[in-house]
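Convention: sequence-line order gives letters A, B, ...; per-chain numbering from 1.
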Amino acid sequence: MKQTLTLLTGLLLIAMPATAEETTGLTEDMIKIGVMAPFSGNAASYSKAEIGLMAYYDKINDEGGVNGRKLVAVQEDTACDPAKGLAAAKKLIFQDEVFMLHGNSCSGVALAIRPVIEEAGLPWVIAHAASDSISDPLAANIFHGLPTGSANGRAMAQFVLSRPDTKRVAIIEHSNDWAHSYSDPARAYLKEQGIEPVADQTMERGQTDATAQILTLREAKPDFIIAALYEAETAIFLRDLKKYGMSDIPVMGTAGTDLENTLIRVGDLETVKNYFVIHSYIDSLNGDKLKPWGDMITKYYPDEQLSTFSFASLGSAVAVVEALKNAGRDLTRSGFIAEMEKIDNLDTGILSDPMTFTHDDHQGVKGSAVAGFVDGEPTVLRAWGERY
Amino acid sequence: MFLQLSISGLSQGAIYALVALSLTVVYRSTTIVNFGHGDFVMAGAFVSYVLTVMLGIAFLPAALLSVIALFLLGLCFSRGLIRPIRGGPHIGFALMCIAVGFVMRGIARIVWGREVLPMPSVFDMPPIFIGNLIITGDAVFIIGTTAVLLVIFFAVLALTDIGKMVQAVYQSQRGAQLIGINVDRFNDITWGVGAALGAVGGILIAPVSLLHPDIGASFLLKGFAAMTLGGFGSLHGAVIGALMLGVAEQYAGAYINSALIDITAYLVIVIVLLVRPHGLFGRKAVVKV
Amino acid sequence: MMPTQSQLRLRTVLFWLLPVVLLAVPLLVNPYIQFIINSILIYALITLGFNFVIGNLGQLAFANTAFFGIGAYASAIGATSLGLPWLATIPLAGIAGAIGGFLASGAALRGIRFYYLAIITLAFGELMRWLYVHAKSVTGGTDGLSLPRETFLGYSLTDDRVKFYIFLVITVLLFKATLNLLRSQVGRSIMAVRENEVATASLGIPTSRIIVIGFMWSGFVVGCAGSLFALHTSYVFPESFGMLHLIVSFAMVLVGGLGSVLGAVLGAAALTVLPEYLRSFPGMEELFFGLIVIAVLLVLPQGLASLLRRVSPIFIERYYRE
């Protein structure tokens, strides 16, 4: 009888769902952090962001760690697929039993795994995925460590309208959620200012020619074009614009491209001189203030080619380490969350806008700067003609 | 605008023509449809990238080397992986082709992983202006090269002894064997030619399109659509179908909705197969029981 | 060599014993492993359905992913816009899949065969995906649809263990139904059509009708799998139903064994578990996947099921071509 009872209790205990233990993933000298990213698949270039944050962990570890503990990143590949991402999240939470999660570049995956993470209760700091719905409605344990899609979309539209006499705005985008996460808030902002787009075009990923779209745009005579396109398609679009003599029309890109790489891709300055991108950093990618960050990534990942993605998650990494440090040696999950919520106007040393979390608002960064070519050099701008 | 779209359409269509032709060449002699062909196209582009950008070889020799490399790849593929499974279910071939495509894509991804690669532009030729019409250096190069290749191809087929031999095998494998043609070796070479032609397509589109391991997939579907429109198994049908598809995409995109460009190929496939399955120039494909 | 009577009886016992044994699984594994096991069940159904058309009916049709997507979206739309409890959406999804099967079979009926059929059904799948993206008001477009959290008899449907029990029941039922179908007159006609359509027609069997039934059953099974998938990820989203999914399903059929019902389970299990083991090598998956498929094609063309058959005659079925 006693044996049966013990057996039953044992089975019951095994069968109980893993409760969010306060110190799971912690040992005397180690903090296990789950880092999910599309390390493989057609979105693999996004995982540069997670490479960046892991380089930051390496740097902190070299400086002695956080209160005597090293940061150990447990990487899992999501391949930008929700089913795979779910498996990755569950593995990190229930099998690897990490202390917290920090990562994710693909919004589709993040949205799919949000319910699981919310229920499991461990802290999750989003490093790169921009969709607002990941952190809104509020979840106690989820933090957005970079400007969200709506912040970026609005920044794009704001910049566009900061150019004098801009009334006719056209939009070209991919028909996926990534593009919509920028274009929908941009449209909303434009509407608030009383402006309806004069043209709405679609260009799909993988298209090697934008003639049809550009000819239609030409008819619409826009003052400014908002382009929510990936790197490759942006280059094709800009090249085709030049081909049809339209490269005097300024084009506003997203946070998914950067000026330096686009210039390399199209091969000449004339094509990109009127291209602007969301640039949430305090300096241009080759600028003095970003150089130490770039060097840091190169130090730990020498084969990594830097792009705007590489720096995207560093702000969130600074915040994470800050909160871990402040939570002290007696680190717990709720302690970490409490410290995150105390972050107020933190200057991360890389993001163009400060980071603030409160108990009721976990979207930390509300604004973003823009970058454009000034005298042939990529320069960070606050508004049309106004340097950062 | 109409003419402009037509030029762009022809330029796109030229690439589709190479893809469709290479698929048809293989299909005609082996009755296998290479479902992994898109990745052969990608491989051609990648090999030429490695040669031009990483080894500093000039474009033309690099392109030539790449074509030769892909020819050998196709040959080995046929010898090593297709011949052994000839006894199995026909759809085993389809999966073998897909699997090899995957392997090539996997290798490309491991080596180039997170990067999306720019290819240097081939011609820095300024565009030609004819009235309102703009023809870029790229378009000239693509259409020109493809046209030349096609002329050579069809000339060889119709006029030379080798071409006669090819036609013989296409018409009847058994008959060809009876007159002493080594059909097995022929098929290997056919695979090589198919891969090489596909590689040319990849090399032509790479400077325009930017390279990443997944560019193959869309070319495959476009190739199928072109073959379907032109008539499955018809060589000149593949070319004509491809050009028509390229142009149709542009018109649909400009005059109806830019969202349609992506699915024009699928719509073509569905409509053609339901209305006139043998396409424009194909043989009867319908099996009535 | 066919199994003996006593071996056949043993097989029936094993068929029903296995699920009973599996009932204990949730008590032994963590939610991650449970999630993977649930994936295997879903893929077993997908493979079963796909196998039905290409293995048993012998038609090279790639509409499987389309059926899967149709079922998943039907279920998600049912649960969100129509407010139905998820369980009620399962038959809905199955019926939607069957309708998809009917449409796909239309091409086969017009005499389209082999590669043409493969390509038109491929195109059908991609068109459906375009539809999911562009019919925003119904399908949520690229944002996808998120399933509401429900409970069933007091148990939360977001719990992977609860999902397992439900999935297990449905999987067993659909497998049994498929086996029954294959053993019936209709089933034999289906396989006869595969062997030689003209000869079958000459026996007076309405081959066109048989083909439609074959496609519709496949659509039904895979549609149901779609609704399970919708609950499994609680989020339905167009990207999941593209070419990659098709290729994976195709590989599962071939690795398991073309035409074999047992093979459906083996192929699904092998190719679901394998990518998880390869997690430590991101990016190498495609390479490994391709290499394994090549290896199976060269060395074991009849799939894993044929391996088991060599072990014991119990595993011999009559549903595939030797």
Side-chain angles (χ1 to χ4, degrees), chain A residues 10-18 37-44 47 74-97 106-116 118-120 131 133 173-181 184 202 204, chain C residues 24-39 42-43 72 129-130 132-134 136 140-149 156 158-162 229 232-242 244-245 248 272-273 275-276 278-287:
Chain A
L11 280 176
L12 257 157
L13 281 174
I14 300 172
M16 298 227 81
F39 289 111
S40 76
N42 59 10
S47 62
V74 183
Q75 293 176 46
E76 282 299 339
D77 180 24
T78 65
C80 216
D81 172 52
K84 206 168 157 78
L86 269 170
K90 292 189 193 232
K91 179 161 190 283
L92 287 171
I93 300 174
F94 300 113
Q95 181 141 302
D96 299 316
E97 291 182 321
C106 288
S107 291
V109 170
L111 287 170
I113 62 181
R114 186 193 139 126
V116 173
E118 212 182 325
E119 194 166 317
S131 174
S133 327
E173 56 181 340
H174 293 312
S175 62
N176 61 9
D177 56 329
W178 172 87
H180 294 329
S181 70
D184 288 341
T202 314
E204 289 308 339
Chain C
V25 163
L27 298 173
L28 304 169
V29 298
N30 67 43
Y32 162 65
I33 308 267
Q34 185 64 74
F35 181 80
I36 302 302
I37 294 177
N38 291 356
S39 303
I42 295 176
Y43 276 99
R129 199 149 66 90
W130 186 90
Y132 305 144
V133 168
H134 287 93
K136 269 183 124 154
T142 53
D143 293 328
L145 288 175
S146 191
L147 264 65
R149 308 167 83 151
S156 165
T158 52
D159 188 335
D160 287 308
R161 295 169 304 173
V162 175
F229 182 77
H232 181 59
T233 53
S234 51
Y235 185 61
V236 167
F237 149 91
E239 293 305 306
S240 313
F241 308 110
L244 180 63
H245 179 266
V248 169
T272 304
V273 167
E276 292 300 314
L278 295 177
R279 273 189 169 279
S280 358
F281 309 100
M284 302 277 267
E285 259 176 54
E286 262 168 333
L287 186 60

Can you give each donor-acceptor pair under 3.5 Å made by side-chain atoms of residues 83-90 of chain A, sequence neighbours left out, with the distance rounded to 0.1 Å?
residue: A/Lys84; atom: NZ; partner: C/Glu285; partner atom: OE2; Å: 2.6
residue: A/Lys90; atom: NZ; partner: C/Asp160; partner atom: OD1; Å: 3.2
residue: A/Lys90; atom: NZ; partner: C/Asp160; partner atom: OD2; Å: 2.4

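Minimum heavy-atom separation, C/Tyr235 to A/Gly108: CE2-O, 3.6 Å. Closest approach of A/Ser175 and C/Val133 over heavy atoms only: O-CG1, 3.4 Å.
The part of C/Glu276 that comes within reach of chain A is its side chain, from C-beta onward, which places non-hydrogen atoms under 4.5 angstrom from that chain. Proximity to chain A is limited to the side chain of C/Thr158, based on heavy atoms less than 4.5 angstrom apart. Proximity to chain A (any heavy atom under 4.5 Å) is restricted, for C/His134, to the side chain, taken from C-beta onward.
Annotation: side chain to side chain contact (heavy atoms under 4.5 Å, CB included) contacts of C/Asn30 (sequence neighbours excluded): A/Phe94, A/Gln95, C/Tyr32, C/Ile33.
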